[in-house]
Student: 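So that we are looking at the same thing, I have put the structure below in structure tokens.
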Amino acid sequence: MPTPSRSQLLQILLLILAGAAAIDGKDEQQPITYPGCPDKCGDISIPFPFGLMPGCFREGFEVTCDHSFDPPRAFLADGDRNRITVTERDESPISDGSYLSNSDSNISYWPVELMDVSVDRSVARVYGPITSACSTNSTNYKLEAQAMTLGSLTGGPLAVSEALNVVVGVGWKVGVTDGSSYTSSSLACRSELPGGHLESARNGSCAGRGCCEAALRQESSTSYGPVTEVAPELSLESNNSLWETSPCSYAMVVEKSGYNFSTPDLYGDKALPGRFPRGVPVVLDFAIVGDAACPQKGKRPPPNYACVSNNSYCVNATVGQSGYALSYVCKCSEHYEGNPYIANGCQDIDECKFPDLYYCSSNGICKNRQGGYDCPCKPGMKGDGKLGHCAEKFPLVAKVIVGTTSCIFVIVVMSFIFLLRKEKKKTREFYEKNGGPTLEKAKIIKLFKKEELMPILKDSNFIGKGNFGEVFKGNLGNEVVAVKKTINGNLLENEQFANEVIIQSQVIHRNIVRLIGCCLEVDTPLLVYEFLSNGSLHDILHSKGKKPLNLDIRLSIAAQSADGLAYMHSKTNTKILHGDVKPANILLDDKFVPKISDFGISRLIARDRQHTAKVIGDMSYMDPVYLQSGLLTEKSDVYSFGVVLLELISRKKAIDSDNNSIVNDFLEAHRRGERATELFDSQIAVAEDLELLQNLAGMAIECLNLDVDQRPAMTDIAHRLLIMKESRNS
Ligand SMILES: *[C@@H]1O[C@H](CO)[C@@H](O)[C@H](O)[C@H]1NC(C)=O
Ligand SMILES: *[C@@H]1O[C@H](CO)[C@@H](O)[C@H](O)[C@H]1NC(C)=O
Ligand SMILES: *[C@@H]1O[C@H](CO)[C@@H](O)[C@H](O)[C@H]1NC(C)=O
Ligand SMILES: *[C@@H]1O[C@H](CO)[C@@H](O)[C@H](O)[C@H]1NC(C)=O
Ligand SMILES: *[C@@H]1O[C@H](CO)[C@@H](O)[C@H](O)[C@H]1NC(C)=O
Ligand SMILES: *[C@@H]1O[C@H](CO)[C@@H](O)[C@H](O)[C@H]1NC(C)=O
Ligand SMILES: *[C@@H]1O[C@H](CO)[C@@H](O)[C@H](O)[C@H]1NC(C)=O
């Protein structure tokens, strides 16, 4: 691997840094105001359209930040319009509900302090005023009336929210009234404690016992139109019997749940304002005003249109509803959040992070996307996870079926594996039983795998059946082979079989069928031989429709077969007898060269083991001496060869269907001292060949001698036949 160069390293480093920056960027808070504008005052966020500096706010939304406090506090600017007016004076209520002022009013003004702003709800919260009246004796009160004014009568962008605030009164016997009416019938709410039992008040309850609460009505404002001014008033007890313990009563407009009644508020001097030193929370609606409304669909937005963010929309607002001015607010589209009043303020919500708000079934996979999210069901389920409809794709019955099926399948597979292993074990056992290890050590013969030979053993390849077993023709690689499947495995057992195979495989003679290899992995071993195209001598001689062989070929077949047998008999250390010499076991190749096959019942004749327990072979060719004694010798093969010779010259079966034996016929003729001319095959019995045929017959008779010692040896016969053949050719 080539090492990166310096510049490459630098690039990589830059990439890493860029990646880190990108991650940082993601983490960073979305901008809430114009670039370059401060977005905070102390702890309070100031999102556009609110702003602290020229160019950073929309008209009517200016905020000032008073850094003399720590932390700094934010106030609505334009103190002439946005302010809290405090009026102080001594008063004595008189019984008809009106008041007698005992002193001149001392009036002062405070700016409206901002608590927080929420652009997505189009609201801001401020600290609102608390009006209080505290007894100085049983008939006199010191009143501190506080009223909040927002903008002008022609309407500013801010107004007290009717929906989100309530009017609250606190006192042991007090009514709260809106600013426009002074009659007890129009009281917004009334608080009483029967008998003056202050203890019966309950914390947190503003149901009229020490505390009362009412919806904010439009009449609460001192003018018709947007609720830009709130100044609730108190209707007080004219003879305050509890003035010493419970001197103060209060009235206020406050955010719903923004004031929590606490019984100590009923006692002492100004306990309640002590709990809310800056005022109680009041919710203000804000909107874009100035006779502005949402543009109609398809119409071009007005200049200075406020909803500038992508994925935002416009809503006609109610802030200016009483006709003073049209107004609207901007909202982020569904599945977006942020500030619709600035470019790109509305950002996609990753709904998957808020599973409580955006439902996705526990069987679904939550996937965020621009402008929404998806909740596809988990694999194997169908339905819509958003609707909680993820259901198993397969009903119980199907599952049971599938389960059962898989179970059966598993069992089948397991059984198969088990059988396969058993089969493998069996294969190994057979291999060992059949002497595989011995053959392996000998390393002289090809050991075929079961799988290689099994395809050959099919009916269409069947070519014949002998004593030994069934024979199939097949291809192994480029070679045409004959595969012999022994019928009776017990014939050839264990080591003995292996030894026999070794011996046979060592036999390399042009007149012996070559053993190519074997397969020991089956119960009865399979032997693979070379395939000979002209079939057996038996078929050639006796099948109808076959062209009769001429004498030369027959002589050649006899001579070469004899040579093959002689070779087997003469092998020095291990004499191999055939035991079943007959035309069916003499195969012919395409040039009619004979090859002796089927040493299936031949035995390895150890010097001291000449007996074979069983006599197996074709009776027509069987040496009667061997049948009597059970002792197989090479002379038994000589006898059989004699029969083959007779069959070659007569082209008659050794014993035909009429139970005629050519052996008997020839022996009879021989005994009578006659020439057996009429016994010869008429096809070859031409005058000039009769001599030769007679010689062959004579040789056969020698082979059939019941005195085995009188029979010539196979080598002798082979030699004589060779001479006959050669003298004839010359
Ligand atoms: C009003 O202010 C004056 C002068 O500051 C003061 O003397 C007077 O007591 C005040 N009156 C009330 C009711 O607070
Ligand atoms: C209450 O106080 C005012 C003046 O402070 C006085 O004029 C009045 O008489 C007093 N009333 C009672 C019942 O003491
Ligand atoms: C109400 O709560 C305050 C403290 O918040 C407590 O001092 C007072 O005793 C409570 N009153 C009642 C009636 O429980
Ligand atoms: C209101 O006060 C009572 C007692 O003082 C308390 O138990 C209750 O939790 C408070 N409620 C809120 C909303 O603050
Ligand atoms: C106020 O009530 C007390 C007793 O409840 C009574 O004695 C007194 O005369 C009343 N005062 C006025 C001015 O009505
Ligand atoms: C908002 O109000 C204007 C004026 O009344 C109207 O033309 C427009 O269709 C309204 N837009 C919406 C979205 O209601
Ligand atoms: C806003 O949306 C418009 C089309 O709706 C698009 O052309 C524009 O690029 C978007 N702006 C940004 C900053 O994504």
Side-chain angles (χ1 to χ4, degrees), residues 88-95 99-106 122 133-144 155 157 168 170-172 191 193-211 226 236-248 250 257-277 280 285 287-308 311-334 340:
E88 294 173 85
R89 64 174 176 260
D90 289 336
E91 278 188 351
S92 307
I94 43 178
S95 48
Y99 294 83
L100 193 71
S101 261
N102 301 326
S103 68
D104 289 335
S105 295
N106 277 359
S122 299
C134 296
S135 303
T136 49
N137 62 29
S138 63
T139 55
N140 257 48
Y141 294 87
K142 186 173 165 67
L143 178 77
E144 188 178 309
V168 168
V170 176
W172 74 273
S191 162
L193 286 169
H197 293 114
L198 293 171
E199 322 77 61
S200 58
R202 288 284 161 266
N203 272 342
S205 163
C206 280
R209 293 280 177 268
C211 174
L236 297 163
E237 173 74 358
S238 52
N239 186 351
N240 184 356
S241 56
L242 298 177
W243 72 273
E244 278 170 305
T245 52
S246 182
C248 295
Y250 308 96
S257 309
Y259 167 73
N260 187 0
F261 175 59
S262 177
T263 52
D265 290 347
L266 291 174
Y267 296 91
D269 192 19
K270 299 231 174 167
L272 193 152
R275 288 170 63 208
F276 299 93
V280 287
D285 291 326
I288 306 303
V289 293
D291 220 2
C294 293
Q296 274 166 319
K297 259 205 177 117
K299 289 265 171 76
R300 275 186 58 194
N304 210 14
Y305 182 56
C307 309
V308 295
N311 303 307
S312 72
Y313 63 101
C314 177
V315 180
N316 283 333
T318 55
V319 167
Q321 73 174 4
S322 34
Y324 283 93
L326 298 171
S327 67
Y328 65 88
V329 295
C330 304
K331 301 268 181 195
C332 283
S333 309
E334 207 186 351

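First listed ligand is number 1; within each ligand, the first listed atom is number 1.
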Student: What residues, two or more places apart in sequence or in another chain, satisfy salt bridge (charged side-chain N to carboxylate O under 4.0 Å, His left out) together with Arg275?
Tutor: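 Scan of Arg275 (salt bridge (charged side-chain N to carboxylate O under 4.0 Å, His left out), adjacent residues dropped) gives Asp265.
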Student: Looking only at atom types and distance, does a side-chain atom of Asp269 sit under 3.5 Å from a main-chain N or O of Cys248, one as donor and one as acceptor?
Tutor: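 No, the answer is negative, given that no donor and acceptor are paired below the 3.5 Å cut-off.
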Student: Would a 4.5 Å heavy-atom cut-off, applied to side chains only, mark Phe261 and Val168 as touching?
Tutor: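 SC-SC contact between Phe261 and Val168 ruled out.
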Student: I'd like to check which ligand 6 atoms, numbered from 1 as shown, lie under 4.0 Å from a non-hydrogen atom of Asn316.
Tutor: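 The list of qualifying atoms is 1 (C), 2 (O), 3 (C), 8 (C), 10 (C), 11 (N), 12 (C), 14 (O).
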Student: Identify, with sequence neighbours excluded, every residue that meets side chain to side chain donor-acceptor pair (under 3.5 Å) alongside Ser92.
Tutor: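 For Ser92, the residues satisfying side chain to side chain donor-acceptor pair (under 3.5 Å) (neighbours in sequence not counted) are Asn102, Asn140.
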Student: Pull out every atom of ligand 6 sitting under 4.0 Å from any heavy atom of Ala293, numbered as shown with elements.
Tutor: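 Answer for ligand 6: 2 (O), 3 (C), 4 (C).
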Student: With a cut-off of 4.0 Å, which atoms of ligand 3 are near a heavy atom of Ser262?
Tutor: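 Those of ligand 3 that fall under 4.0 Å from Ser262 are 2 (O), 3 (C), 5 (O).
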Student: State, with a plain yes or no, whether a side-chain heavy atom of Pro340 is found less than 4.5 Å away from one of Cys307.
Tutor: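 A side-chain contact under 4.5 Å is absent here.
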Student: At a heavy-atom distance under 4.0 Å, which protein residues reach ligand 2? Sort them by chain and number, would you?
Tutor: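 For ligand 2, the residues that come within the 4.0 Å heavy-atom cutoff are Asn137, Ser138, Thr139, Asn140.
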Student: Tell me if a side-chain donor or acceptor on Ser246 pairs with a main-chain N or O of Leu266 at a distance below 3.5 Å.
Tutor: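 Yes, Ser246 side chain to Leu266 backbone: donor-acceptor pair under 3.5 Å.
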Student: For ligand 3, which atoms sit closer than 4.0 Å to a heavy atom of Asn203?
Tutor: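 Going through ligand 3 atom by atom, the ones under 4.0 Å from Asn203 are 1 (C), 2 (O), 3 (C), 8 (C), 10 (C), 11 (N), 12 (C), 14 (O).
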Student: Let's test your reading of the model: do Cys330 and Cys314 have SG atoms under 2.5 angstrom apart?
Tutor: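 Looking at Cys314 and Cys330, their sulfur gamma atoms do not lie closer than 2.5 Å, so the answer is no.
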Student: Taking side chain to side chain donor-acceptor pair (under 3.5 Å) as the test, write out the residues that go with Asn137, two or more places apart.
Tutor: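 Asn137 satisfies side chain to side chain donor-acceptor pair (under 3.5 Å) with Thr139 only.
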Student: Backbone or side chain, does any N or O of Thr263 fall under 3.5 Å from an N or O of ligand 3?
Tutor: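 It does: an N or O of Thr263 is found under 3.5 Å from an N or O of ligand 3.
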